[in-house]
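For reference, the structure is listed below as structure tokens.
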Amino acid sequence: MTPLHFSFSSAFTLGLMGLAFHRTHLLSALLCLEGMMLSLFIALALWTLQFESVSFSSAPMLLLALSACEASAGLALLVATARTHGNDRLQNLNLLQC
């Protein structure tokens, strides 16, 4: 495994571990998701550059567009949660209550 592949896989793994183990605030969970998406974007972009494939050249841009949509939906949920509950702690959120 090259150092470049190791750095991207470790960045994705650190984001996944942060999402799994450090879930105190909604904002920290959203930041971990964004870190995972950015590491996937950079890895996919370098993969298409490495193999010089023209057919997959639009895949990183599609992933970046989906990441932007995910970020906007997450921030909208963060604002709605902060307005209704007063904070963004995930322990206070109960999905069974409206």
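Every value quoted in this text rests on a predicted model; they were computed, and no experiment measured them.
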So OG1 of Thr81 and CG of Leu90: to nearest 0.5 Å the spacing works out to 8.5 Å
* Using distance alone, with no hydrogens and no angle criterion, decide if Ser28 and His25 have a side-chain donor and acceptor under 3.5 Å apart. => no
- Query: So if you build clusters from Ile, Leu, Val, Met, Phe, Trp, Tyr with side-chain heavy-atom gaps below 4.5 Å, do Leu38 and Leu62 land together?
  - Reply: no
>> Count I, L, V, M, F, W, Y as connected when their side-chain heavy atoms are under 4.5 Å apart, and connections chain through other members. Are Leu19 and Phe21 then in the same cluster?
In response: no
Please answer: with hydrophobic residues joined when any side-chain heavy atoms are less than 4.5 Å apart, are Leu16 and Leu33 in the same cluster?
yes
Atom CD of residue position Gln50 - does it have more than 12 heavy atoms of other residues, nucleotides or ligands inside 6.0 Å?
yes
| Are Leu66 and Ile42 in one and the same hydrophobic cluster, where Ile, Leu, Val, Met, Phe, Trp and Tyr link if side-chain heavy atoms are under 4.5 Å apart? | no
Separation between OG1 (Thr13) and CZ (Phe6), nearest 0.5 Å, reads 8.5 Å
In this structure, CG of Leu40 is separated from CH2 of Trp47 (nearest 0.5 Å) by 13.0 Å
Heavy-atom closest pair (Ser39 atom, Ala11 atom, distance to 0.1 Å) is CB-CB, 4.1 Å
In this structure, CG of Leu27 is separated from CZ of Arg89 (nearest 0.5 Å) by 13.0 Å
Rounded to the nearest 0.5 angstrom, the OG-CG distance for Ser58 and Leu63 is 11.5 Å
Note: Leu4 and Ser7 closest approach over all heavy atoms is O-OG, 2.7 Å
message: Can you confirm whether Pro60 sits close enough to Leu44 that some side-chain heavy atom of one is under 4.5 Å from a side-chain heavy atom of the other?
response: yes
In this structure, CG of Leu31 is separated from CE of Met36 (nearest 0.5 Å) by 13.0 Å
